[in-house]
Amino acid sequence: MRVAVLTGAGISAESGLRTFRASDGLWEDHRIEEVATPEGFARDPDLVHRFYNQRRKDAAAALPNDAHRALAELARHVDLTLITQNVDDLHERGGSDRLIHMHGALTGALCAACGHRWPAPMVMTTGDPCPACTKQATRPDIVWFNEMPYRMEEIWEAVAKADVFAAIGTSGQVYPAAGLAQHAGRCGARTIELNLATSAVSRDFDERHEGPASRIVPDWVG
Ligand SMILES: CC(C)NC(=O)[C@H](Cc1c[nH]c2ccccc12)NC(=O)[C@H](CCCC/N=C(/NCCC(=O)O)S[C@H]1O[C@H](COP(=O)(O)OP(=O)(O)OC[C@H]2O[C@@H](n3cnc4c(N)ncnc43)[C@H](O)[C@@H]2O)[C@@H](O)[C@H]1O)NC(=O)OCc1ccccc1
């Protein structure tokens, strides 16, 4: 059985990490344009580093929950492709050793000059030189708006081949991730939404399970 799972901020909410669009969401305190676009980084890199340094600290202090662990268990029983929009490392710390961070990861640093990648320091600053080209063009290895998400061909292929596609804790407002459910359905997969509430793409699913991820994901995995 081939299963493709897409996760969003909702799966890490019960681990204490803020989602984006909730009333106390990340986008309440910061304008997307300012902190999650290449233009915002060019305009004020210190502000962007402060934003991601705080998220890196919060993620390091958080612990995976039963939903993260249930997906690691699922991978032992089916051919699972785990795709996450999240930049935290709670899937890995929950036991998942094969996943695709389509929007990058807080644990990564990227040189905007030469493209070199290395493990991110907890506190990243504009002065950090690249270990390869020594230029000071260090940025978080995160996919910002108007940038192409990582490993899209692999993701598109895995979803096309899936017998089952499930989306967990995502609002379905950001593309191309939000378009994967429709793609899966068109390719014949059974599509399942697991979420605390309805999302912007709930109509694209054959089946819905509503409730907190830490309860409904272990129930679904069974
Ligand atoms: C806002 C939106 C309209 N804009 C976009 O989609 C844009 C533009 C666009 C492209 N195609 C389109 C088509 C139509 C319209 C617009 C577009 N997309 C892009 O820019 C993408 C890139 C998008 C990626 C941006 N980076 C992120 N993250 C990293 C940064 C960071 O993290 O700081 S996006 C970021 O926001 C999104 C947030 O969504 P969710 O994770 O779903 O979180 P949210 O808070 O919204 O919802 C939480 C959900 O959980 C549920 N929940 C809460 N608690 C629980 C709980 N306890 N249990 C269960 N569920 C729970 C809630 O009910 C809710 O449903 C995630 O993707 C997340 O990664 N790039 C691109 O298109 O590039 C092109 C291109 C082409 C060629 C060459 C170059 C470029």
Side-chain angles (χ1 to χ4, degrees), residues 5-41 47-56 58-59 62 64-68 70-71 83-91 99-108 110 120 124 139-153 155-156 166-183 192-202 204-205 208-220:
V5 170
L6 173 72
T7 64
I11 199 171
S12 295
E14 294 159 82
S15 294
L17 297 184
R18 295 160 67 186
T19 64
F20 290 77
R21 286 177 176 72
S23 56
D24 64 343
L26 283 165
W27 296 148
E28 287 310 306
D29 307 356
H30 307 276
R31 281 161 22 81
I32 293 180
E33 299 73 26
E34 280 171 2
V35 292
T37 62
E39 299 77 18
F41 186 65
L47 170 70
V48 174
H49 279 309
R50 276 200 304 280
F51 175 65
Y52 286 102
N53 288 343
Q54 184 57 49
R55 291 181 60 195
R56 202 171 291 111
D58 297 344
N65 62 58
D66 288 346
H68 298 105
L71 292 176
I83 305 153
T84 188
Q85 299 167 80
N86 300 343
V87 294
D88 64 57
D89 61 346
L90 295 181
H91 278 301
L99 76 156
I100 302 174
H101 277 277
M102 74 182 292
H103 293 162
L106 291 165
T107 52
L110 170 66
M124 197 184 282
R139 57 168 281 179
D141 189 6
I142 300 265
V143 176
W144 287 323
F145 285 88
N146 311 327
E147 293 185 323
M148 177 51 87
Y150 294 154
R151 299 168 67 179
M152 274 315 295
E153 271 157 45
I155 291 169
W156 207 247
I168 302 172
T170 183
S171 61
Q173 298 186 27
V174 172
Y175 288 78
L180 292 174
Q182 230 175 39
H183 172 53
I192 304 168
E193 183 171 57
L194 298 98
N195 196 308
L196 204 52
T198 55
S199 75
V201 290
S202 289
D204 296 338
F205 293 89
R208 300 194 63 253
H209 302 234
E210 246 182 51
S214 68
R215 176 170 58 75
I216 63 175
V217 176
D219 290 355
W220 172 64

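When a ligand or atom number is given, it counts from 1 through the structure's own listing order. Every heavy atom of this structure was used, including side-chain atoms; hydrogens, water molecules and symmetry mates were not.
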*Asks:* Considering Ile168, Asn146, Val201, which one's heavy-atom position lies nearest to atom 20 (O) of ligand 1?
*Replies:*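 Nearest heavy atom to atom 20 (O) of ligand 1 lies in Asn146.
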*Asks:* Indicate yes or no: does an N/O atom of Phe20 lie under 3.5 Å from an N/O atom of ligand 1?
*Replies:*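 Yes, at least one N or O pair falls under 3.5 Å.
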*Asks:* So, is Ser171 polar-close to ligand 1, with some N/O to N/O distance under 3.5 Å?
*Replies:*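 Yes; at least one N/O pair falls below 3.5 Å.
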*Asks:* Would you indicate which of Met148, Arg18, His209 comes nearest to atom 76 (C) of ligand 1 when only heavy atoms are counted?
*Replies:*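 Ranked by closest heavy atom to atom 76 (C) of ligand 1, first place is Met148.
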*Asks:* Could you tell me whether the side chain of Asn53 and the main chain of Met124 form a donor-acceptor pair under 3.5 Å?
*Replies:*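 Judged by distance alone, yes, a pair lies under 3.5 Å.
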*Asks:* Just which atoms of ligand 1 are under 4.0 Å from any heavy atom in Ile142?
*Replies:*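 The list of qualifying atoms is 29 (C), 30 (C).
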*Asks:* Check whether any N or O atom of Gly172, backbone or side chain, sits under 3.5 Å from an N or O atom of ligand 1, and answer yes or no.
*Replies:*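 Such a contact does not occur with ligand 1.
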*Asks:* Hey, is ligand 1 close enough to Ala213 that some N/O pair sits below 3.5 Å?
*Replies:*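 N/O-N/O distance below 3.5 Å exists for this pair.
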*Asks:* Between the side chain of Ser15 and the main-chain N/O of Leu17, is any donor-acceptor distance below 3.5 Å?
*Replies:*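 Answer holds: no.
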*Asks:* For His101, give me all partners under ring-ring contact (aromatic ring centres under 6.0 Å, His included), at least two apart in sequence or on another chain.
*Replies:*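 Scan of His101 (ring-ring contact (aromatic ring centres under 6.0 Å, His included), adjacent residues dropped) gives none.
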*Asks:* Using every non-hydrogen atom in the two residues, find where Ile142 and Glu147 come nearest and quote the distance to one decimal.
*Replies:*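 Ile142 and Glu147 have their closest heavy atoms at O-OE1, 3.6 Å.
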*Asks:* Of all heavy-atom pairs between Pro149 and Pro176, which one has the smallest distance, and what is that distance?
*Replies:*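 Closest approach of Pro149 to Pro176: CG-CD, 3.6 Å.
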*Asks:* Between ligand 1 and Leu194, is the shortest N or O to N or O distance under 3.5 Å?
*Replies:*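 No, no N or O pair falls under 3.5 Å.
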*Asks:* At a 4.0 Å threshold, what atoms of ligand 1 neighbour a non-hydrogen atom of Tyr52?
*Replies:*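 That gives atoms 30 (C), 31 (C), 33 (O) of ligand 1.
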*Asks:* Could you tell me whether Gly169 and ligand 1 have an N or O pair separated by under 3.5 Å?
*Replies:*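 Between Gly169 and ligand 1 (N or O atoms, distance only) the closest approach is under 3.5 Å.
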*Asks:* Can you confirm, on distance only, whether ligand 1 has an N/O atom lying under 3.5 Å from any N/O atom belonging to Arg55?
*Replies:*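 Yes: some nitrogen or oxygen of Arg55 is under 3.5 Å from one in ligand 1.
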*Asks:* Checking the side chain of Ser12 only, and the main-chain atoms of Ala9 only, is there a donor and an acceptor separated by less than 3.5 Å?
*Replies:*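 Side chain of Ser12 to backbone of Ala9, a donor-acceptor pair under 3.5 Å: no, none is there.
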*Asks:* Considering the heavy atoms of Glu14, write down every atom of ligand 1 situated less than 4.0 Å from one of them.
*Replies:*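 Checking each atom against Glu14, I get 56 (C), 57 (N), 58 (N).
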*Asks:* Within the 3.5 Å criterion, strictly below it, is a donor on Asp141 or Tyr52 matched to an acceptor on the partner's side chain?
*Replies:*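 Asp141 vs Tyr52: no donor-acceptor pair found between side chains.
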*Asks:* Considering distance alone, does some N or O of Gln85 sit under 3.5 Å from an N or O of ligand 1?
*Replies:*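 Yes - when backbone and side-chain N and O of Gln85 are compared with those of ligand 1, one distance drops under 3.5 Å.
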*Asks:* Keeping Asn195 on the side-chain end and Ala197 on the backbone end, is there a donor-acceptor pair under 3.5 Å?
*Replies:*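 Side chain of Asn195 to backbone of Ala197: a pair is present.
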*Asks:* Cation over ring, Arg139 on Trp144, under 6.0 Å and within 45°?
*Replies:*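 Cation-pi check for Arg139 and Trp144: passes.
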*Asks:* Could you tell me which atoms of ligand 1, counted from 1 in the order shown, lie closer than 4.0 angstrom to a heavy atom of Gly211?
*Replies:*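 Checking each atom against Gly211, I get 58 (N), 59 (C).
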*Asks:* Show which atoms of ligand 1 fall inside a sub-4.0 Å distance from at least one heavy-atom site of Gly8.
*Replies:*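 This gives 41 (O) as the contact atoms.
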*Asks:* Show which atoms of ligand 1 fall inside a sub-4.0 Å distance from at least one heavy-atom site of Pro212.
*Replies:*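 Every atom of ligand 1 under 4.0 Å from some heavy atom of Pro212: 58 (N).
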*Asks:* Distance only, no hydrogens: is a donor on one side chain within 3.5 Å (strictly under) of an acceptor on the other, for Thr84 and Thr7?
*Replies:*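 Result is yes, a qualifying pair exists.
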*Asks:* Enumerate the atoms of ligand 1 whose separation from the nearest heavy atom of Ala13 is less than 4.0 angstrom.
*Replies:*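 With Ala13 as reference, the close atoms of ligand 1 come out as 54 (N).
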*Asks:* Under a 4.0 Å threshold between the charged nitrogen and the carboxylate oxygen, would Arg208 count as salt-bridged to Glu210?
*Replies:*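 A salt bridge is present here (some side-chain N lies under 4.0 Å from a carboxylate O).
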*Asks:* Do any nitrogen or oxygen atoms of Ala36 come within less than 3.5 Å of a nitrogen or oxygen of ligand 1?
*Replies:*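 Among all N and O atoms of Ala36, none is under 3.5 Å from an N or O of ligand 1.
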*Asks:* For ligand 1, which is the ligand I care about here, please tell me if Ser199 has any N or O atom under 3.5 Å from one of the ligand's N or O atoms.
*Replies:*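 No: no nitrogen or oxygen of Ser199 is under 3.5 Å from one in ligand 1.
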*Asks:* Answer yes or no: is there a donor N or O on one side and an acceptor on the other, between the side chain of Glu14 and the main chain of Ser214, under 3.5 Å?
*Replies:*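 Such a contact is found between Glu14 side chain and Ser214 backbone.
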